[in-house]
Amino acid sequence: MATSIVEKFHSMEYGPAPEDPSEVNKWLDAHQRTFGHYINGEWTKPATTFETRNPATGDVLATVAQAEAADVDRAVKAARAALPAWQALTGHQRARYLYAFARQVQKHSRRLAVLESMDNGKSIRESRDIDIPLVARHFYYHAGWAQLLGDLTDTGFDGEEFRGYTPVGVVGQIIPWNFPLLMFAWKVAPALAAGNTVVIKPAEFTPLTAIAMAEIAAEVGLPKGVLNVVNGAGETGAAIVEHPDIDKIAFTGSTEVGRIIRKATAKTPKKLSLELGGKSPFLVFDDADLDSAVEGLVDGIWFNQGQVCCAGSRLLVQERVAERLYDKIRARMETLRVGSPLDKAIDIGAIVDQVQYDRITKLVAMGIAEGATCWQPEIPLPKNGLFLKPTLLTDVHPSSTVAQQEIFGPVLASMTFRTPAEAVELANNTPYGLAACVWSENINVALDVAAQVKAGVVWINSTNLFDAACGFGGYRESGYGREGGKEGMYEYLVPAWTHAAKSKAEVVQEAREQRSENRDHDGNGSVGIDRTVKQYIGGKQARPDSGYSFAVYNREGELVGEAPLGNRKDIRNAVEAARPAGNKWAKTAAHTRAQVLYYIAENLIQRREEIVRKLSEFVGEAQAQVEFDSSVDRAFTYAAWCDKFEGSVHNPPFRMVTLAMKEAIGTVAILAPDDAPLLGLLSLVLPAIAMGNSVVAVPSERAATIMSDLYQVFDTSDLPGGVVNLVAGRPMELGKTLSEHDDVDAVWSFRDEAAAAMVKLGSTGNLKQVWTNEGRAIDWFHPKHAQGAWYLKHATQVKNIWVPYGE
Ligand code: NAI
Ligand code: MG
């Protein structure tokens, strides 16, 4: 019996609308379903191999070569060899290649989308409408940066943007399986735009679209060796990470592997960016448009089967509307369709691999065992393949496994809150800090909460929006560095002068020679021994916990004073004081912070004679004068910067604006250098506090007594107690404690290579941000090297807040 259109309309019966895979099958067959690595513009013959499957059917799609360390080495050599010619091109020439990539992606968009869905299991609707268009957008956007960077000269790029910066060099990139081609674009486009060459490894579950892109690289005539694609699993990734001739590692994946990579690169000067996991809160207030919030949730947690690093996996809903929202969610879940990824009418595809499938089901079982209520809709699942029902967990306790651990599946864990303050507390009750969604019709609530959540991306009344112009990346254990936007470009650039800087060892040797020449007694030699120096913690002078002091000698080897010998306990006290002080300081108006810094500059001038006299003991009168004057200048400069190093507003191609806010990082630990003991210390402390951070600094051990003058200046300059803490002692010892401390957010070491390696190793626990001079000497007297945007950038992190705007 024929049904009428009206009847059909009412029943809304679902009929499959399959996408045709024949083009992709033809492409796979044309390659005999076997792929080598793409190294130096050529395809290798596979030796050891692995298989990649279609998780929706279990079928093997292709056999792919697995790279050993020797293959990685060949790829790195090819990238290194390609570097000079690639950098000799004009910015415009590099831009042309990136435009060509963008155009080819558009031209082959359907084949790439189908291939992505077959290899990964994601719905064709998403790969076709979201992933692939964003891939093209990233290549277009970065083609633009290549153009604007201009040409590379001895002093860096000469174009309109990033003047004075230079490419970091050979870049190793390791990407995950959840957005294989999109992550490829996020990594490769900025790296090439910035004049680097690349060795990239796709994830072992999803190698095929990167292989297709290597083919496109050949089609567009990209010079050989500029882009190398090697395949394999964790061991291949490790071979990239450990390769000595790679200058930067960019990684997206699990926090666990992020830690391994931080450790593995600790003893090297490799630049590192990590985009890791998350447990992002999805906050719904009682005045939210609940129907919109439900649609947001569909995108937030069921997009890509929930295998999204920024998935809104923790629903936090205001108690008064919780039951109403749950009803709406459950009703909506009944309409979600789980099925073949190539069916254009499905919402949820297949889980990428059995391993992930098992991991998800195990975590859900744990959640239930820990007291959660599990609800799943009565919807059909395909008989075969790795399919899971969308899942809602309610009655979840904030400390339970499913509230804390990344599930990376179609599972929503829900909790309730009463007040906005409680919402913020719950939202931040996680070691992660990748993203957050805030749903409220009240602009005050939404923006107030957005300011308080610790997350690199905040979506207001929206979710999972991305654009190449808007940086993406996390706070805390979600990693560091940003992808996209200007911030993302800086990840692949370094100030040109750092490449030319001498090593610290060379400079120390030179200084030693100079010192023996200068033994002409320019100090007055009779300052008396200063025994009054204390630690400076929480705005108060404190005796060291150890009860010991250490002797400080002048450059003639005469005893000039004693400094407190700090230990673990002093550091703990200082960090404890820094946290609340920093929280307040970060919220203090930039104008007020500026006034404090001006005051510091003035009060330094007041004490000029005394400070120069003391400093002369360590560096000689001539340097002491210049060092003091430069320090004052630095204080004035950062006072000026306080209210000028501001964020920006992006205009993504939707009805949104993105506020790129520069926020303080939190508590910054600083190991100051020995050369220029006053100026070096202040060159690091001042930008940190100018941007609203609090500081625990270890002054130069050999001139530690100068800190007493500094804290007297701070005390008289209205600097709130605890914003700057000074703990003297052995830098290697105190630095270790600081870098391992879970309540420190960043650690800066400007000492030697050993100190740099030590703080990097120490940082792995909570994945604090690390910034070091990589053992290179900084000319603290040269403002171009020792002050300005490079310092301010490291003192801030960008939070991108997406706000509905316009029609
Ligand atoms: P993973 O972190 O092991 O894999 C990501 C990439 O790192 C892959 O290319 C892999 O081959 C590579 N890799 C693995 N071990 C490595 C090592 N020692 N050195 C260098 N590279 C290495 O993630 P996996 O095992 O696929 O997924 C486990 C969990 O990680 C997921 O359930 C999810 O929670 C999280 N994850 C988060 C992602 C994100 O976008 N933030 C992406 C993928 C996974
Ligand atoms: Mg696969």
Side-chain angles (χ1 to χ4, degrees), residues 28 50-64 66-67 69 72 115-122 172-180 182-184 186-187 200-211 229-243 246 249-265 272 274-280 304-311 313 341 349-363 385-386 404-409 411 432 434-435 456 472-474 477-479 483:
L28 288 169
F50 67 97
E51 290 173 339
T52 184
R53 290 169 187 272
N54 179 342
T57 60
D59 298 343
V60 174
L61 291 171
T63 303
V64 179
Q66 181 175 316
V72 170
L115 183 62
E116 190 80 319
S117 282
M118 286 170 74
D119 203 8
N120 166 282
K122 63 172 66 202
Q173 304 180 317
I174 298 161
I175 53 174
W177 43 262
N178 52 344
F179 294 91
L182 188 57
M183 290 304 104
F184 179 96
W186 283 24
K187 293 276 181 295
I200 187 166
K201 187 196 85 65
E204 56 273 33
F205 302 141
T206 55
L208 295 178
T209 42
I211 287 172
V229 180
V230 295
N231 271 298
E235 276 169 35
T236 309
I240 294 176
V241 168
E242 280 154 23
H243 197 288
I246 285 181
I249 297 288
F251 172 76
T252 300
S254 61
T255 295
E256 190 193 339
V257 173
R259 284 205 175 90
I260 294 173
I261 293 177
R262 170 71 290 174
K263 233 177 238 166
T265 54
L272 178 62
L274 299 174
E275 204 268 90
L276 308 175
K279 192 77 195 176
S280 299
N304 208 32
Q305 297 70 249
Q307 303 168 132
V308 182
C309 53
C310 54
S313 54
I351 301 299
V352 71
D353 188 83
Q354 188 72 44
V355 179
Q356 285 300 116
Y357 183 96
D358 294 344
R359 199 169 169 266
I360 297 163
T361 43
K362 205 171 115 200
L363 279 165
L386 301 172
Q404 290 293 329
Q405 272 194 32
E406 186 173 42
I407 300 177
F408 229 61
V411 183
Y432 294 115
L434 194 48
F472 181 88
E477 291 179 31
S478 291
E483 299 191 276

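Every value quoted in this text rests on a predicted model; they were computed, and no experiment measured them. As the structure lists them, so they are numbered: ligands from 1, and atoms in each ligand from 1.
Under 4.0 angstrom from ligand 1, the non-hydrogen atoms of L276 all belong to its backbone. With a heavy-atom cut-off of 4.0 Å, I175 touches ligand 1 through its backbone alone. Contacts with ligand 1 closer than 4.0 Å are made by side-chain heavy atoms of R359 only, the backbone lying farther away. Residue contacts with ligand 1 for A233 involve N, CA, C or O but no side-chain atom from C-beta outward (heavy atoms, distance under 4.0 Å).
Checked against a 6.0 Å centroid threshold, the rings of F251 and W186 do not count as neighbours.
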Could you go through N304 and N120, starting from their C-alpha distance and side-chain angles, then the distance that decides it, and tell me whether this counts as side chain to side chain contact (heavy atoms under 4.5 Å, CB included)?
CA-CA 10 Å; N304 208 32; N120 166 282; 4.1 Å; yes

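Of all the listed residues (W177, F408, F251), F408 holds the heavy atom that lies closest to atom 36 (N) of ligand 1. Nearest-residue assignment for atom 14 (C) of ligand 1 (options G234, P176, G277; heavy-atom criterion): G234. Checking V241, T236, V257 against atom 22 (C) of ligand 1, the nearest heavy atom belongs to V257.
Geometry note: the Mg ion (ligand 2) is the vertex, R53 O and T52 OG1 are the arms, and the angle is 100° (rounded to 10 degrees).
Residue contact annotation: D119 places an N/O/S atom under 2.8 Å from the Mg ion (ligand 2). One of the N, O or S atoms belonging to F205 lies under 2.8 Å away from the Mg ion (ligand 2).
By the 4.5 Å heavy-atom criterion applied to side chains, L434 and C309 are counted as neighbours.
For the pair T252 and ligand 1, the shortest N or O to N or O distance does not fall below 3.5 Å.
Those atoms of ligand 1 with a heavy atom of G237 less than 4.0 angstrom away are 19 (N), 20 (C), 21 (N).
Counted by atom type alone, T63 and E51 present zero donor-acceptor pairs between their side chains at under 3.5 Å.
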